[in-house]
Amino acid sequence: MEKLPPKKNFSEWYHELIQRAEIMDVRYPVKGLYVWYPFGFRIRKSVYGILREIMDREHEEVYFPALIPETELGKEGEHIKGFENEVYWVTHGGKDELDVKLALRPTSETAMYPMFRLWIRSHADLPLRVYQVVNTFRYETKHTRPLIRLREITSFKEAHTIHATFEDAEEQVRKAVAYYREFYDRLAIPYLICKRPEWDKFPGAVYTIAFDTVMPDGKTLQIGTVHNLGDNFARTFDITYETPDGEHSFAYQTCYGISERCIAALISVHGDDLGLVLPFEVSPVQVVVIPVLYKGREGEVLRVAREIGEELKKYRVVVDESEERPGAKYYRWELRGAAVRIEVGPREVEEGTAVVSFRDEKRKFKVEKEKIPEMIEQWGEEMRERLYIRALNSMKEKIVLCESLDEVESHVRNGVVFTYLCDSERCGERLDEFGSVLGEVIESPVSFEGEGRCVVCGKEGKLNAVARTY
RNA sequence: GGGGCCGUGGGGUAGCCUGGUGAUCCUGCGGCGUUCGGGACGCCGUGACCCGAGUUCAAAUCUCGGCGGCCCCA
């Protein structure tokens with residue numbers, strides 16, 4: 001097996017790793033569409049398992065159609081303006097042209113909200129909280145990249161909620177942010193939380209809060225968004241409810257989403273020159289047992305290796321009985337991000353021990369064989385903590401506070417710039433020349449004063465993040 | 001939005017400028033044997049010129065178009 005390109009050549013590394021670790025097959029003959037390999041799909045399954053577990057606490061899972069009639073998609077003015085250039089249209093059924101064109105959903109507000117209008121009658125129907133995990137389509141014209149910029153987003157988890165009052169919607173936004181925090185904490189992925197500037201919010205929203213993580217090359221990746229929609233969509237789609245005293249009132253809505261970019265972040269943030277590094281909880285191979293086979297000793301070694309595998313069967317375990325030499329097996333499973341490796345050879349069989357090592361460390365150590373099952377969980381959690389600290393430190397290194405436009409211009413090439421910015425779109429546009437304004441910093445691993453002089457015009461400004469983005 | 005580069009076995013490549021050889025090398029994959037504590041070795045086998053049109057006696061190589069990929073600038 002050939003070596004992977006070093007991670008410092010991030011683009012190359014990412015592309016090769018995705019293919020070689022069998023996450024996505026990038027050879028599908030349509031731009032921007034990729035195939036999930038079985039191995040990649042197992043990562044997706046465990047990551048989305050966590051997301052579903054979190055969502056299921058107070059949302060119901062639903063499924064809405066992928067096709068949206070043009071008449072509904074076009075109702076909300078700002079919304080359609082934001083998406084019209086990237087919508088795929090279904091124009092024909094067989095040979096007949098359709099009377100009303102059908103859009104492949106770029107997102108599902110306009111599929112859901114006409115139905116919510118029928119579902120919501122009274123205050124007793126509120127709040128309504130649902131989510132779905134679906135594919136969405138966007139005709140991307142820039143470079144597409146597996147898991148990051150797609151024409152078919154295959155794994156869009158979108159939640160939609162409806163409330164009686166703006167304050168209730170505000171409260172839901174806070175909860176959604178907390179859910180996403182928990183999700184990314186479990187994946188050991190650090191993030192910035194920003195309030196997107198007015199000109200970059202979700203089309204149709206009152207405001208947008210976004211999670212961004214920092215990739216190895218210093219560009220940021222948006223990995224989650226939370227939108228307070230106010231009553232904008234309720235007014236467009238006529239979603240009203242009857243209050244306890246018989247009045248009719250428009251409802252207030254939120255929506256928030258996470259796509260397979262969370263998996264792109266997982267791979268990019270933790271991976272190393274040898275391949276995938278995945279937290280124990282989501283690795284498709286949580287434990288790999290490697291028997292070290294010597295001529296004449298194969299039987300006993302294999303027997304013990306299988307025993308260990310059997311005792312750990314509540315985890316995702318592989319006992320690698322293939323004919324390769326141990327070294328080749330180590331590299332193979334390191335590429336695939338097996339979290340814990342257990343080696344058993346003739347020596348260990350005699351001692352009743354095994355050699356244990358973790359994917360994120362060079363260290364190897366001996367453990368009594370019987371102790372392994374009770375230690376696994378703890379090792380997994382310790383590994384998650386190590387990964388998180390390492391990722392956090394590397395993110396902190398890439399954030400710099402800048403107090404002049406020259407500094408912004410030079411630093412944004414290598415990472416994230418924090419600087420002060422007033423509310424004017426003009427000043428924002430000036431910064432957008434260097435990268436993208438991510439917005440007002442709400443939460444960050446690096447803290448600076450929240451207010452200062454706008455780096456462009458010198459008026460009162462707030463702490464904002466600027467970065468090159470994916 | 002503008003510009004540039006590229007498409008060769010499963011992956012990565014040489015060859016293309018200057019048309020003509022049995023299309024190069026690494027890797028992977030299958031088989032056999034000797035091995036096995038960080039990418040073993042030997043032997044055998046497998047497998048490619050993106051698609052279409054054109055120029056030509058002859059096209060991986062030249063021209064045009066399509067599709068796909070990468071990079072730079074705004």
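Keep in mind that the numbers below use all heavy atoms, side chains included, and drop hydrogens, waters and symmetry copies. None of these values were measured; they are calculated from a predicted model. Throughout, a chain's letter reflects where its sequence line sits, starting with A, and its residues are numbered from 1.
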Requested in this report: May I ask you to check whether over 12 heavy atoms, not counting those of A/Lys371, lie within 6.0 Å of atom NZ?
Outcome: no

Query raised in the report: For the base of B/G37, is there a side-chain donor-acceptor partner from A/Tyr294 under 3.5 Å away?
Result: yes

Query raised in the report: What integer number of Å spans the P atoms of B/C32 and B/C62?
Result: 45 Å

Report summary line: Testing B/C72, B/G39, B/C36 for proximity to the side chain of A/Arg325, the answer is B/C36

Query - Bracket notation of RNA chain B in which parentheses pair within the strand, [ ] cross earlier pairs, and | pairs with another strand (Watson-Crick or G-U, under 3.5 Å) - result: (((((((..(((.......[....)))(((((((.....)))))))...(((((..]....)))))))))))).

Report task. Measure from CG on A/Leu33 to P on B/C67 and round the result to the nearest Å. Result -> 15 Å

Query raised in the report: Is the aromatic ring of A/Tyr330 within stacking range of B/G38, meaning centres under 5.5 angstrom and planes under 30 degrees?
Result: no

Query raised in the report: Taking atom C1' in both B/C41 and B/G47, what distance in whole Å separates the two?
Result: 23 Å

Query raised in the report: To the nearest Å, how far apart are A/Arg359 CZ and B/G38 P?
Result: 17 Å

Query raised in the report: Does some side-chain heavy atom of A/Ile23 sit less than 4.5 Å from a side-chain heavy atom of A/Leu276?
Result: yes

Query raised in the report: Below 4.0 angstrom from OP1 or OP2 of B/C36, is there any side-chain N or O of A/Ser322?
Result: no

Query raised in the report: Quick one: A/Glu324 CD to B/C41 P, roughly how many Å, whole number?
Result: 13 Å

Report task. Pick the C1' atom in B/U27 and in B/G22, then give their distance to the nearest Å. Result -> 23 Å

Query raised in the report: In whole angstrom, what separates A/Glu323's CD from B/C29's P?
Result: 14 Å

Report task. Examine A/Arg196 relative to A/Tyr207 and say whether NZ or CZ is less than 6.0 Å from the centre of the six-membered ring and inside a 45° cone about the ring axis. Result -> no

Query raised in the report: Under 3.5 Å, is there an N or O donor on one side and an acceptor on the other linking the side chain of A/Arg332 and the base of B/G38?
Result: no

Query raised in the report: Base, sugar-phosphate, or nothing for A/Lys364, non-hydrogen atoms under 4.0 angstrom?
Result: base

Query raised in the report: Out of A/Ile376, A/Ile372, A/Val319, A/Val318, which one pairs with A/Val287 under the side-chain contact (heavy atoms from CB on, under 4.5 Å) rule?
Result: A/Ile376

Query raised in the report: When rounded to the nearest Å, what value does the distance between P atoms of B/G33 and B/U24 take?
Result: 30 Å

Query raised in the report: Across the strands shown, which category fits A/Val355 at heavy-atom distances under 4.0 angstrom: base, sugar-phosphate, nothing?
Result: base

Query raised in the report: Within the pair A/Lys31 and B/G69, is there a side-chain N or O less than 4.0 Å away from OP1 or OP2?
Result: yes

Report task. Pick base, sugar-phosphate or nothing for A/Glu12, based on heavy-atom distances below 4.0 Å to the nucleic acid. Result -> nothing

Requested in this report: Return yes when atom CD of A/Glu449 has more than 12 non-hydrogen atoms of other residues, nucleotides or ligands closer than 6.0 Å, and no otherwise.
Outcome: no

Query raised in the report: With respect to the side chain of A/Ser11, which nucleotide from B/G39, B/C71, B/G10 is positioned closest?
Result: B/C71

Query raised in the report: For A/Arg297, which contact category applies under a 4.0 Å heavy-atom criterion: base, sugar-phosphate, or nothing?
Result: nothing

Query raised in the report: Hey, does the side-chain of A/Glu348 have a donor or acceptor N/O within less than 3.5 Å of a partner on the base of B/G37?
Result: yes

Query raised in the report: Hey, does A/Gly32 reach any base, or is it just sugar-phosphate, or nothing, if we go heavy atoms under 4.0 Å?
Result: sugar-phosphate

Requested in this report: Can you check whether any acceptor in the base of B/G10 is under 3.5 Å from a donor in the side chain of A/Gln19, or vice versa?
Outcome: no

Query - Nearest-Å distance for atom pair NZ/P, residues A/Lys142 and B/C71 - result: 14 Å

**Report entry** Contact nearer the 5' end of RNA chain B, comparing A/Arg151 with A/His143
**Finding:** A/Arg151

Requested in this report: Report yes if at least one side-chain N or O of A/Thr144 is closer than 4.0 Å to OP1 or OP2 of B/G68; otherwise report no.
Outcome: no

Report task. Give the nucleotide from the list B/G12, B/G37, B/C36 with an atom nearest to the side chain of A/Arg347. Result -> B/G37

Report summary line: Note: for A/Tyr331 and A/Glu433 on RNA chain B, the residue whose nearest nucleotide lies more 5' is A/Tyr331

Query raised in the report: Any side chain to side chain donor-acceptor pair (under 3.5 Å) pairs touching residues 287-297 of chain A, not counting sequence neighbours?
Result: A/Arg297-A/Glu300, A/Arg297-A/Glu350

Report task. Could you tell me whether A/Phe358 and A/Phe365 have their ring centroids closer than 6.0 angstrom? Result -> yes

Query - Nucleotide B/G7, atom P - distance to CZ of A/Arg27 in whole Å - result: 19 Å

Query - Pairwise C1' distance for B/G3 and B/A58, with rounding to whole Å - result: 36 Å

**Report entry** C1' spacing across the pair B/U63 / B/G12, given as an integer number of angstrom
**Finding:** 30 Å

Report task. Applying side chain to side chain donor-acceptor pair (under 3.5 Å), run through A/Tyr191 and A/Asp185 and close with a yes or a no. Result -> CA-CA 9 Å; A/Tyr191 42 79; A/Asp185 289 346; 3.1 Å; yes

**Report entry** Full working for side chain to side chain donor-acceptor pair (under 3.5 Å) between A/Thr154 and A/Glu152
**Finding:** CA-CA 6 Å; A/Thr154 66; A/Glu152 179 186 4; over 6 Å; no

